[in-house]
Participant: 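Have a look at this one.
All heavy atoms count here, side chains included; hydrogens, waters and symmetry mates do not.
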Amino acid sequence: MYKIRYYYSSLSKQFFLIFVIWALLVRLLLFFAGGFYKDAYVVATVAVYALALALCIFFFTGWKFFYYEFDQTSLTGFNLLTKKKTELDLVPVQRALFSKSGISLFYEGDQGPRYFIPFRRLGVISPVGVENFMNLMKNRGVHVEQQYQVLPGHGKGAAWIGRCYTLLAILVALSSVQSTFLVVLILAAPK
């Protein structure tokens, strides 16, 4: 049984999310340590911060919830968020289209794809899994069309996206420095 997995799209995106989580936690701590909670709606404020933290954690780990398993005769897709499992019999597959957005599998006579595997799902797809699946399709005599030179999410464009996330991470970190010092000063002050 082979697997097609997803991985985080870039390490800098992970750092960006860590800095956003840090900024949110510092601001939440400042909300209570600075006494600002006396003049605000505490439950609503904590709920908004908790929702923002939950979203950041979800985007930090979301790619782990999706994967595909395949062998000579079947392909099974798993979505652990919805606990949904989709299966496709690979024996009648006549055409496999490896486009820039994903893998489309067609039965004979189908106008639209019978099954689609996206290349991005809160992360990028594993090149090893895609290569193994492409080799399986070729070995089974399926007509394979490849519309890309480099697997999407792994080329030069992905490096620029990583650089943008690095810049965003630096900006978020710099914007949180003042709040961090303020929290340290409030907590270190004699009472």
Side-chain angles (χ1 to χ4, degrees), residues 2-34 36 44-70 77-84 86 97-104 113 116-134 146-187:
Y2 295 99
K3 289 189 180 185
I4 299 175
R5 295 189 175 276
Y6 292 92
Y7 296 96
Y8 56 87
S9 55
S10 72
L11 190 59
S12 53
K13 179 181 177 183
Q14 303 298 85
F15 281 118
F16 168 69
L17 288 170
I18 288 170
F19 283 125
V20 169
I21 291 170
W22 171 50
L24 288 170
L25 289 174
V26 166
R27 282 172 176 74
L28 186 62
L29 188 59
L30 183 61
F31 178 72
F32 288 106
F36 300 112
T45 304
V46 171
V48 167
Y49 276 103
L51 178 64
L53 285 170
L55 281 173
C56 285
I57 291 169
F58 172 72
F59 285 116
F60 190 76
T61 61
W63 48 271
K64 293 181 179 183
F65 296 110
F66 308 100
Y67 68 95
Y68 297 89
E69 290 181 348
F70 64 93
F78 294 92
N79 180 342
L80 301 178
L81 289 175
T82 59
K83 296 186 171 117
K84 187 176 176 185
T86 56
L97 174 64
F98 289 75
S99 67
K100 292 184 179 183
S101 60
I103 303 168
S104 300
F116 181 72
I117 302 171
F119 283 154
R120 287 185 173 84
R121 238 179 175 179
L122 300 174
V124 293
I125 201 158
S126 163
V128 174
V130 172
E131 186 69 25
N132 287 338
F133 189 71
M134 183 182 289
Q146 183 178 344
Q147 296 181 341
Y148 56 83
Q149 295 295 326
V150 177
L151 187 65
H154 296 281
K156 292 178 183 177
W160 280 104
I161 291 172
R163 290 179 186 125
C164 290
Y165 274 118
T166 300
L167 180 64
L168 287 173
I170 291 169
L171 291 174
V172 169
L174 289 175
S175 73
S176 300
V177 169
Q178 182 181 10
S179 299
T180 303
F181 283 134
L182 193 56
V183 167
V184 169
L185 290 175
I186 290 171
L187 295 177

Participant: Do the rings of Phe66 and Tyr6 sit parallel, tilted or perpendicular, given the 30° and 60° boundaries?
Facilitator: perpendicular
Participant: Does some side-chain heavy atom of Phe119 sit less than 4.5 Å from a side-chain heavy atom of Ile103?
Facilitator: yes
Participant: Would you please name every residue forming a side-chain hydrogen bond (donor to acceptor under 3.5 Å, both in side chains) with Asn79, sequence neighbours left out?
Facilitator: Thr82
Participant: CG of Leu55 to CG of Leu51: how many Å apart, nearest 0.5 Å?
Facilitator: 5.0 Å
Participant: For residues Phe98 and Met134, determine if any side-chain heavy atom of one lies less than 4.5 Å from a side-chain heavy atom of the other.
Facilitator: yes
Participant: Locate the shortest heavy-atom distance separating Tyr7 from Ser126; write the atom from each residue and the value.
Facilitator: CE1-CB, 3.2 Å
Participant: Would you check if Ile186 and Leu30 make a side-chain contact, meaning some heavy-atom pair closer than 4.5 Å?
Facilitator: yes
Participant: Looking at Tyr148, I'd like to know if the NZ or CZ of Lys100 sits under 6.0 Å from its six-membered ring centre while staying within 45 degrees of the ring's axis.
Facilitator: no
Participant: Count the heavy atoms of every other residue, nucleotide or ligand shown that sit under 6.0 Å from CD of Gln178, and state whether that count exceeds 12.
Facilitator: no
Participant: Report the distance from atom OG of Ser12 to atom CD1 of Ile18, rounding to the nearest 0.5 Å.
Facilitator: 11.0 Å
Participant: Taking all heavy atoms of Ile125 and all of Pro118, pick out the closest pair and write down the distance.
Facilitator: CD1-O, 3.8 Å
Participant: Is there a side-chain contact between Phe31 and Thr45 in this structure, where contact means two heavy atoms from C-beta onward sitting under 4.5 Å apart?
Facilitator: yes
Participant: Sub-3.5 Å donor-acceptor pair from the side chain of Ser179 to the main-chain atoms of Ser176, do we have one?
Facilitator: no
Participant: Answer whether the closest heavy-atom distance between the side chains of Tyr2 and Tyr68 falls below 4.5 Å.
Facilitator: no
Participant: Please find the pair of heavy atoms, one from Tyr8 and one from Val124, that lie closest to each other, and give the distance.
Facilitator: O-CG2, 4.0 Å
Participant: Do you know the tightest heavy-atom contact between Leu122 and Lys13?
Facilitator: O-NZ, 4.5 Å
Participant: Working to the nearest 0.5 Å, report the span between CD1 of Ile4 and OH of Tyr67.
Facilitator: 12.5 Å
Participant: Can you confirm whether Leu81 sits close enough to Phe58 that some side-chain heavy atom of one is under 4.5 Å from a side-chain heavy atom of the other?
Facilitator: yes
Participant: Flag yes if more than 12 heavy atoms outside Phe78 fall under 6.0 Å of its CZ atom; otherwise flag no.
Facilitator: yes
Participant: Give the minimum heavy-atom separation between Ser104 and Phe116, together with the two atoms involved.
Facilitator: OG-CD1, 3.3 Å
Participant: Please give me the minimum heavy-atom distance between Ile21 and Cys56, naming the atom from each residue.
Facilitator: CG1-CB, 3.6 Å
Participant: State, yes or no, whether a side-chain contact exists between Phe19 and Ile170 at a heavy-atom distance under 4.5 Å.
Facilitator: no
Participant: One pair to check against side-chain contact (heavy atoms from CB on, under 4.5 Å): Phe15 and Tyr165. What are the steps and the verdict?
Facilitator: CA-CA 8 Å; Phe15 281 118; Tyr165 274 118; over 6 Å; no
Participant: Kindly compute the distance separating CD1 (Ile161) from OG1 (Thr166), expressed to the nearest 0.5 Å.
Facilitator: 12.0 Å
Participant: For residues Pro152 and Arg120, determine if any side-chain heavy atom of one lies less than 4.5 Å from a side-chain heavy atom of the other.
Facilitator: yes
Participant: What verdict does the side-chain contact (heavy atoms from CB on, under 4.5 Å) test give for Phe16 and Leu171, after you've listed the backbone C-alpha separation in whole Å, the side-chain angles of each residue and the deciding distance to 0.1 Å?
Facilitator: CA-CA 9 Å; Phe16 168 69; Leu171 291 174; over 6 Å; no
